[in-house]
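A quick write-up on the structure given underneath.
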Amino acid sequence: MAPSRRLSNGRSPLVNQQRQITSFFSKSSSSSSSITPTQNPTKLSSSANRKSKPKPKPSRSPSPSPSPSTPSPLQSKLKKPLLVIGASPSSPLSPAPLEKSRGEEVVGKRIKVYWPLDKSWYEGSVKSFDRDSGKHLVEYDDGEAESIELAKEKIEWIEQSVKKFKRLRKGPLSVEKMVIDDDDGDEAENLEGSGDDSSDEDWGKSAEKEGIEEECEEKEVVELEDEDEDKEDEPVRSRGKRGGKDKTRKRKMGGEGNVGSSKKNKGGEDVGNGGLKVSLMEPTNNNADSGKASNAINTTLSGDAPERFSMREATKLRFLGQSRRDAKRRRPGDPDYDPRTLYLPLDFVKSLSDGQRQWWEFKSKHMDKVLFFKMGKFYELFEMDAHIGAKELDLQYMKGEQPHCGFPERNFSMNLEKLARKGYRVLVVEQTETPEQLELRRKEKGSKDKVVKREICAVVTKGTLTEGEMLSANPDASYLMAVTENCQNAERIFGFGDDSECSALSCLLSELRPVEIVKPAKELSLETEKVLLRQTRSPLVNELVPELEFWDAEKTVHEVKSIYERASDKSVLKSSSGENDHAVDSSTQDDGLAFLPDVLAELVGAGEDSSYALSALGGTLFYLKQAFLDETLLRFAKFELLPSSGFGDVISKPYLVLDSAALENLEIFENSRNGDSAGTLYAQLNHCVTAFGKRLLKTWLARPLYHVESIKERQEAVASLRGVNLPFSLEYRKALSRLPDIERLLARVFSLSEANGRNASKVVLYEDASKKQLQEFTSALHSCELMAQACSVLGAILGNVECRQLHHLLTPGSGFPDVELVLTHFKDAFDWVEANSSGRIIPREGADVEYDSACKRVKEIETSLTKYLKEQRKLLGDTSITYVTVGKETYLLEVPESMGSCVPRDYELRSSKKGFFRYWTPNVKLWLAELAQAESEKESSLKNILQRLIGRFCEHHIKWRQLVSTTAELDVLISLAIACDFYEGPACQPIILSASRTDGIPGFSAKSLGHPVLRSDSLGKGSFVPNDITIGGSGNPSFILLTGPNMGGKSTLLRQVCLTLGAYVPAERFELSPVDRIFVRMGAKDHIMAGQSTFLTELSETAVMLSSATRNSLVALDELGRGTSTSDGQAIAESVLEHFVHKVKCRGMFSTHYHRLAVDYQNDPKVLLSHMACQVGRGVGGVEEVTFLYRLTAGACPKSYGVNVARLAGLPDFVLQNAAAKSREFEAIYGKHKKPPENISNQNAVEQIVVLIQKLNGVVANLRCQESLESISHLIDLQQESRILCEIDSR
């Protein structure tokens, strides 16, 4: 038995020693010497019996290679003949004459050394020469090394000439029993009779198949024959596997001919006397520390492999270097150059084999993608793609000078997902023809093709990945976004209106975080490009050719109409009663919009206003079309207008707006430490048990409700799921926890309704793809039934709740779709459990008309045969006559021998046994032919039953989506109900105040307000201190000017206020007027890649606040102005604060260390001065030591105690003491200036300010021309004048 299989990590199984898939993919072979096929394949290492010499050689030393793993397969292997099994050893190759003493001139040459006891030659390389001993160090190709005197050995020098590849052929001689000693023994594919065409591109010739895995009792011999150059034959692959042991993987052969002595490998393991060992291909050692190959080969391989690959690419692939051109022969400097394509020189194409030419035809049109090239049961990666496979998938290079690696079909999904998630585009090229079909095509149509047909069946990227283990484990949505724009003055049109700073686009990007972006090449503005760079997380960017690939609105509408019309013709989009998602107004039918969903029909009818939104849809459709996903997705798509549509019209929108700065600064989804969700509001509120529930919660957090009635409905629903109804809620959660990601699963099932891409019937797959599809289908049915049952059970609470939202969600036929009849139909159609385990659907009677018809025809014929039997019994007068089956012959009339003379003349004798004759009659033969045809039709209908059932399932796609949506909403509501139990301290439901209750003045009031995320267990020794806070409302200041010590909790309080807008909040009491938008500016960060410094980023966010805030907005500004000088920063901060307080009149909090602001606003009734309390003591050297109380206290704080933070940070005492002294000096002279010049007085201050501005403009104009010391000096003087003017004005 083969040992148990270990995880292969996508590496291919070892089948046979072979350099690479040579005959298919290469005309010339790698350098090697020809080997006589009768050489003994065994190599012994015992020093005592290595050679027949009077004095034994010392034992062989380990390989000097620093890597303990086996040597690279790209080094020439020692020629242990390929599976010459059981043949008697013949005489070895004739050795060369004894060499005269050689020195360093032979170092680096290839050599063959004869071992007399083994009667074999072994290849290696001369690595060094020791002058003292006169010996050369020879390192053999299996990694072992020894020092020998060349003059005393039988050796041959190997010429570095190009030889033809050899292939294995079967011969008539006997072979002894062979056993595979392989860690991955069960991974070795049985290519015999399996239909695997990876071994051959001519196929069908038994002489071209391997004998490695045949029955042990078979007698055969494997010979080496030259490969025909005009054949496209591919020998059975042999793969190296990077094992965890320091030993060569061998094959054992039992039986006669065993050699008593055994060889120890490098790891010291004794091979034993049980049999000979034949080395398979040895894997490459990929050292992770040294880096893996992408296009730089020498970072991955050891030995001479880098040199071999580099030389090959430099000589044979020169067109990939500086002379590279695209398909239209444009060079990289050309503005229209297309890097996705490649021009192949004619002489290079002529030099290719048919297999190579087929691969390069695909690759030259898709240079930006990694090709998964299907060959039999394996996906192959060649040339530059092979380097990526070795680097990213840990695949092993095959032997030979051409980069090449691959993996078996069963690892397709795993490796596809790995590359896609790492940002690669993967082009899947599948076989669409079997070897038999190729042969038939050659005979019938006279085709001269020597390779099977292959077609592109999928293009997979981050945004188009639909299946995989990691995708199933990660609930986060992966969005693909198309962006196009039209700039009109300061306004930008993205399908929605936006400002010059792209605020709406930034908000959308922050919420969705698309993993892939599609855009028209060279058409987006610089500002939009900066926003895409700043507000995304390394997405895959695709630039399409405008109009040709990124369609305009007209082309998009035409394509969309065509898709929906075709879908309608197939009757896939027929809606059941009550489902009118695709119904449109009759007036649209005249415009050809009858088949479009409502949202698309509305966009098409909007004319020019929606042209850019439709163009963005066109870019998406073109991109999805390349991935074979356009029609599948569009037919079952649910369209929604983006929340940014009408972004400026806040009043009509149902959502509170959280822009990109708010989402980032408040850490709603990502923390500021590592971008993870730990410590975020999402993590605090996320107690959902379904993946689609988690995604809906993210949407709710990104778009909180704004209208009072909507908020109260959701609050009522959350409250109704608590208390006495909590046990029902927990039971519902328990039921949902068994669900897969049904939202994504349904999308995959819908895609199966259309046989295209890899699902097409013409694609040749060896894994049982239909069984996997059936399992997904039955899983979807089980999941839908489970959701329906769970919602029905939860509906029991409707008797004691009056919540309108819950009644809508749990009442069948309302928000909860009535799917009972549909599920009953599918339960009656077939046995779900049996089908899932067997991988085959046997429909019950009445479930499928086509199958029922075929079964009826079979029964009719069987009935006719039964009736005919009765007639024959009556005719012959013997009731013992019966039907029997012998071998493949059925319905034989078995007649007693005694009646042989009575049978009619048309009885055809088929066989006999003692006492009986067996006959066929003309009627029986006719019915048998009809029965065979009926059975074939029955079997054919069974093959297509899954497709028909999925099509029937998809007819109700609206119901299934609605069921998922209802389940997700209930999951999120229960999650919010549970989340409040995780708050520290008291929790309450916010009271939402209408405008009438606050005299039209927006308000915010909280008692003992805690933090929704921070808890005492995360704060070390301390505990979180709740605070009372009131902002706005009748008779209260609308703004809080917050001061206090560094690290005193100001920023925390700002976040605390902005985050507590959920269903339940950590407070004893909480009242709030609706907030239309939250603006948050805190933290120091830059956007260097977008060309923005820290201060510019800070002011850009502030500019959005100043232009967009309304009276109902909530503003939080943290230390505005700290990125520049004190005077400038303070001036900017005061101006911004004044605008919000007196112009906008919104609610807000403004924390600052500019204590002058507190002095200026101490008598302003619209501003409340507050600070974070602390206790101050004196430490060593007069340095202040501050104890933070984290309590919000009325009044201003006198100073910020920054030296105390320096002390906490560990600055040296002498620095602290010096800083404390200088701080006291600054405080002593703070606000004191020199006497004003005589030419400046209070009366003419305004005129002087005008003059000052004129002077400043002159200096700035001079600076634009050239920067000089004189100009800088003038600026300093003007700065001093401006300060004096400010002081006079303040008096």
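- Qualifying ring-ring contact (aromatic ring centres under 6.0 Å, His included) partners for His687, counting only residues two or more places apart in sequence or in other chains: Phe982.
- Remark: Asp981 engages Arg722 in a salt bridge (charged side-chain N to carboxylate O under 4.0 Å, His left out) (not counting sequence neighbours).
- For the side chain to side chain contact (heavy atoms under 4.5 Å, CB included) with Arg1147, the qualifying choice from Ile1001, Asn1036, Leu1072, Val1115 is Leu1072, the only one to do so.
- Cation-pi geometry between Lys1007 and Phe1070 is not met: the NZ or CZ atom fails to fall both under 6.0 Å from the ring centre and inside 45° of the normal.
- Among all heavy-atom pairs drawn from Arg1111 and Lys1145, the shortest one is CG-O, 3.6 Å.
- For Ser710, the side chain to side chain contact (heavy atoms under 4.5 Å, CB included) partners two or more places apart in sequence, or in a different chain, are Leu705, His707.
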key: Derivation and outcome, side-chain hydrogen bond (donor to acceptor under 3.5 Å, both in side chains), residues Asp971 and Thr690   = CA-CA 7 Å; Asp971 189 20; Thr690 65; 2.7 Å; yes
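- Remark: His782 engages Trp832 in a ring-ring contact (aromatic ring centres under 6.0 Å, His included) (not counting sequence neighbours).
- For the residue pair Glu1119 / Thr1152, no side-chain donor-acceptor distance below 3.5 Å is found, with atom types taken as modelled.
- Sorted by first then second residue, the side-chain hydrogen bond (donor to acceptor under 3.5 Å, both in side chains) pairs that include residues 728-740, not counting sequence neighbours, number zero.
- For the residue pair Ser814/His808, the side-chain donor-acceptor check at 3.5 Å is satisfied.
- Residues that satisfy the side chain to side chain contact (heavy atoms under 4.5 Å, CB included) test with Leu1106, not counting sequence neighbours, are Thr1102, Val1136, His1139, Phe1140.
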